[in-house]
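Read the structure below first, then the notes.
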Amino acid sequence: MARLIIIGPEGRTERELSSHNTLGRHPNNTHQILDRIVSKEHCHIDRSGDGWVLKDLGSLNGTFLNGKRVESARLKHGDEITIGSTRIVFQETGAAAVSAPPPAPARPAVTPAPAAPSVDPSAVTVAQAPAPARAVPQRQTVTIAPGMVQSHIRTKLAPLTDQNFLPERLITDVDQLRRDYEKLRASYEVTRAIGVQLEVDQILTKIIDAAFQLVPADRGVVLLYDENKELKPRCVRTKKPQAEGEEVKISTTIIEEVLRDKAAVLSSDASVDARFSNAHSIIMQGIRSSMAVPLLHAGEVFGIMLLDSQIAANAFTEKDLQLFQNVANQAAIAIQNSLYAKKLEAEAVTRERFQRLLSPAIAEQVLSGSVEVKKYGELRETTVLFSDIRGFTSMSERSDARAIVDMLNDYFERMVEIIFEYEGTLDKFVGDEIMALFGAPVSHPNDPYRAVKTALRMMEALEEFNREREERGEKTIQIGIGINTGEVIAGYLGSSRALEYTVIGDAVNTGARLCSAAKAGEILISEHTYAKVRDYFSVEELPPTHVKGKAEALKIYRVTGEIGAPSAAVAG
């Protein structure tokens with residue numbers, strides 16, 4: 001006969017073997033193993049002739065015999081079987097007794113020391129800022145070492161997707177209660193650490209500090225994918241000062257395992273573990289224990305968190321790995337909330353900017369993505385409208401500044417409303433001048449018509465504006481308008497801090513010159529615009545006019561009224 005000595009998270013037990021034995025997490029097994037990362041029916045141990053045979057049943061995390069993964073193997077007295085985080089010693093009755101190793105001594109509570117600031121995410125190798133006051137200034141780099149070979153990770157933990165908690169009256173399993181407590185503890189520590197922080201780098205720093213309190217790690221690193229879909233170090237923390245110039249090397253062996261299976265991995269005593277014999281980056285630093293867990297959002301990995309210990313072998317247990325994964329779950333939520341908040345903030349700024357420049361209907365199209373605004377510019381035909389107040393400079397000199405500002409605000413409000421009514425784009429205000437676009441960023445088949453129609457409506461609105469001013473005993477104003485149609489470069493211009501959508505090109509300059517040439521109450525259009533609106537507006541052809549920047553005189557037309565409107569098909 002034979003027996004098993006089972007050493008797991010709950011202590012040591014001895015079980016006698018029958019001719020057929022099943023081992024697994026489910027209670028229907030001959031020998032139930034209360035280990036979360038053991039399969040429901042993990043392996044068999046059966047009598048075969050005068051010996052015993054161990055057979056793995058296709059378990060996720062595998063069955064190991066004396067440190068090597070096996071599918072089927074004959075057992076001999078003293079063999080050590082490992083499934084999940086549970087060690088099992090096989091003994092045959094009558095053979096020399098084999099004593100199971102005593103449980104590891106309890107670890108003292110870990111008090112986190114001040115950690116170094118987070119790293120710059122712009123490169124794989126990152127310089128770290130000086131340590132806090134009274135610490136020796138240091139420079140620390142993070143390197144993801146290339147050329148690592150694949151290694152089998154013995155302990156692997158699938159993502160913890162079930163964070164539900166049973167009502168108190170339904171709890172009958174003390175082990176489940178302990179696991180739920182650890183989930184809550186990790187969640188509480190992380191939530192308490194990050195508070196309402198929304199800056200990603202500060203969140204990462206606080207999450208790693210919270211992890212230091214929960215597990216006995218020396219260093220922590222967070223890797224996130226950048227805009228180029230490359231993993232880059234975003235945060236590195238240490239519990240004690242590092243020597244000048246020391247590198248934190250991360251093995252691609254571990255990273256590739258986490259990315260491939262989207263699972264947490266644990267390496268115990270990596271510096272002597274044969275599974276990592278080729279992982280030079282681990283051996284160089286003598287890292288004796290490390291844990292790596294994926295950061296998941298919607299089932300996809302967007303980063304990795306790593307902890308390591310350089311003090312002792314087996315510094316981390318499978319329980320630590322489960323706890324660290326709970327931390328990672330909370331971290332993933334916090335990071336995604338931060339990124340989402342930043343996205344909403346950027347969208348709010350964009351929305352406010354476009355709502356100032358575009359009519360509500362067009363702004364919504366741009367913001368929804370149905371209309372694309374090219375960031376780096378595109379060539380497109382656009383009709384440009386310029387309008388400014390005649391004699392504004394002398395008016396400003398003779399009037400109170402507040403009265404001038406109030407007048408301009410009232411005037412601009414009415415004019416922009418008309419521009420938006422015809423789905424034009426407000427490009428900018430320059431003093432008393434208005435620049436509007438028809439055809440950028442959204443084009444219509446009849447943009448020139450819309451621009452001229454807008455100009456006529458602006459003149460009508462100005463009459464009403466002046467009547468109201470006269471009734472209040474205030475001075476009236478007059479405007480001139482110039483309109484031109486042609487190809488322009490449309491897109492964002494400015495600095496990285498201040499980008500504005502606008503258009504540039506000769507067609508813009510010509511429109512501005514026409515506005516300068518227009519007398520009070522005049523709407524002047526170029527021959528290019530006239531060719532597109534001749535069927536809809538009455539005009540007077542004016543003598544060719546020389547304008548600044550043009551060698552030849554321009555053919556220009558004064559708009560006198562409307563004679564028709566485009567068909568519905570053309571109007572769009």
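Along the sequence shown, the residues carry numbers beginning at 1.
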With rounding to the nearest 0.5 angstrom, report the [atom1] to [atom2] distance, [X] to [Y].
X	Y	atom1	atom2	answer
Ile483	Ile556	CD1	CD1	12.5 Å
Gln478	Glu522	CD	CD	11.5 Å
Thr510	Phe386	OG1	CZ	9.5 Å
Ile404	Glu397	CD1	CD	10.5 Å
Ile207	Gln202	CD1	CD	12.0 Å
Leu554	Leu542	CG	CG	11.5 Å

Any donor-acceptor pair under 3.5 Å linking the side-chain atoms of [Y] with those of [X]?
X	Y	value
Thr502	Asp427	yes
Thr476	Asn466	no
Glu300	Tyr225	no

(request) Answer yes or no: is there an ion pair linking Arg469 with Glu464, defined by an N-O contact shorter than 4.0 Å? (result)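 No, Arg469 and Glu464 are not salt-bridged.
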
(request) For the pair Glu468 and Arg414, find out whether any cationic side-chain nitrogen is under 4.0 Å from an anionic carboxylate oxygen. (result) yes

(message) Could you go through Thr382 and Asp447, starting from their C-alpha distance and side-chain angles, then the distance that decides it, and tell me whether this counts as side-chain contact (heavy atoms from CB on, under 4.5 Å)?
(response) CA-CA 8 Å; Thr382 303; Asp447 281 319; over 6 Å; no

Taking the side chain as everything from C-beta on, heavy atoms only, tell me whether [X] gets closer than 4.5 Å to [Y].
X	Y	result
Asp432	Leu408	yes
Val430	Asp388	no
Lys475	Arg398	yes
His444	Arg450	yes
Leu385	Met435	no
Ile477	Met407	yes
Ile479	Ile481	yes

Between the side chain of [X] and the main-chain N/O of [Y], is any donor-acceptor distance below 3.5 Å?
X	Y	answer
Ser387	Ile434	no
Asn228	Glu230	no
Thr529	Ile525	no
Ser394	Gly391	yes
Asp400	Ala403	yes
Thr238	Val236	no
Thr383	Thr485	no
Asn484	Ser526	no
Arg380	Val488	no

(request) Go through the steps to decide whether Leu524 and Tyr557 satisfy the test side-chain contact (heavy atoms from CB on, under 4.5 Å), and finish with yes or no. (result) CA-CA 6 Å; Leu524 300 185; Tyr557 302 82; over 6 Å; no

For residues [X] and [Y], report the shortest heavy-atom separation together with the two atoms involved.
X	Y	result
Arg534	Ile563	O-CD1, 4.2 Å
Met415	Leu462	CE-N, 4.1 Å
Pro294	Ala264	CD-N, 3.8 Å
Leu456	Gly561	CD1-C, 4.2 Å

(message) Please verify the inter-ring angle class for Tyr449 with Tyr536; under 30° counts as parallel, over 60° as perpendicular, anything in between as tilted.
(response) perpendicular

(request) Please report the C-alpha distance between Tyr422 and Phe438 in whole Å, then the side-chain angles of each, then the deciding distance to 0.1 Å, and finally whether the ring-ring contact (aromatic ring centres under 6.0 Å, His included) criterion is met. (result) CA-CA 9 Å; Tyr422 289 92; Phe438 295 83; 7.9 Å; no

(request) Take Val301 and Val258 through the side-chain contact (heavy atoms from CB on, under 4.5 Å) test and state the conclusion after the steps. (result) CA-CA 9 Å; Val301 179; Val258 174; 5.6 Å; no

(request) Not counting sequence neighbours, which residues clear side chain to side chain contact (heavy atoms under 4.5 Å, CB included) with Glu460? List them please. (result)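 Listed in chain order: Arg457.
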
(request) For Glu417, check side chain to side chain contact (heavy atoms under 4.5 Å, CB included) against everything at least two apart and list the hits. (result) none

(request) Applying ring-ring contact (aromatic ring centres under 6.0 Å, His included), run through Phe537 and Tyr530 and close with a yes or a no. (result) CA-CA 9 Å; Phe537 299 97; Tyr530 173 66; over 10 Å; no

(request) Report the C-alpha distance between Val221 and Leu307 in whole Å, list the side-chain angles of each, state the deciding distance to 0.1 Å, and finish with yes or no for side-chain contact (heavy atoms from CB on, under 4.5 Å). (result) CA-CA 7 Å; Val221 178; Leu307 292 179; over 6 Å; no

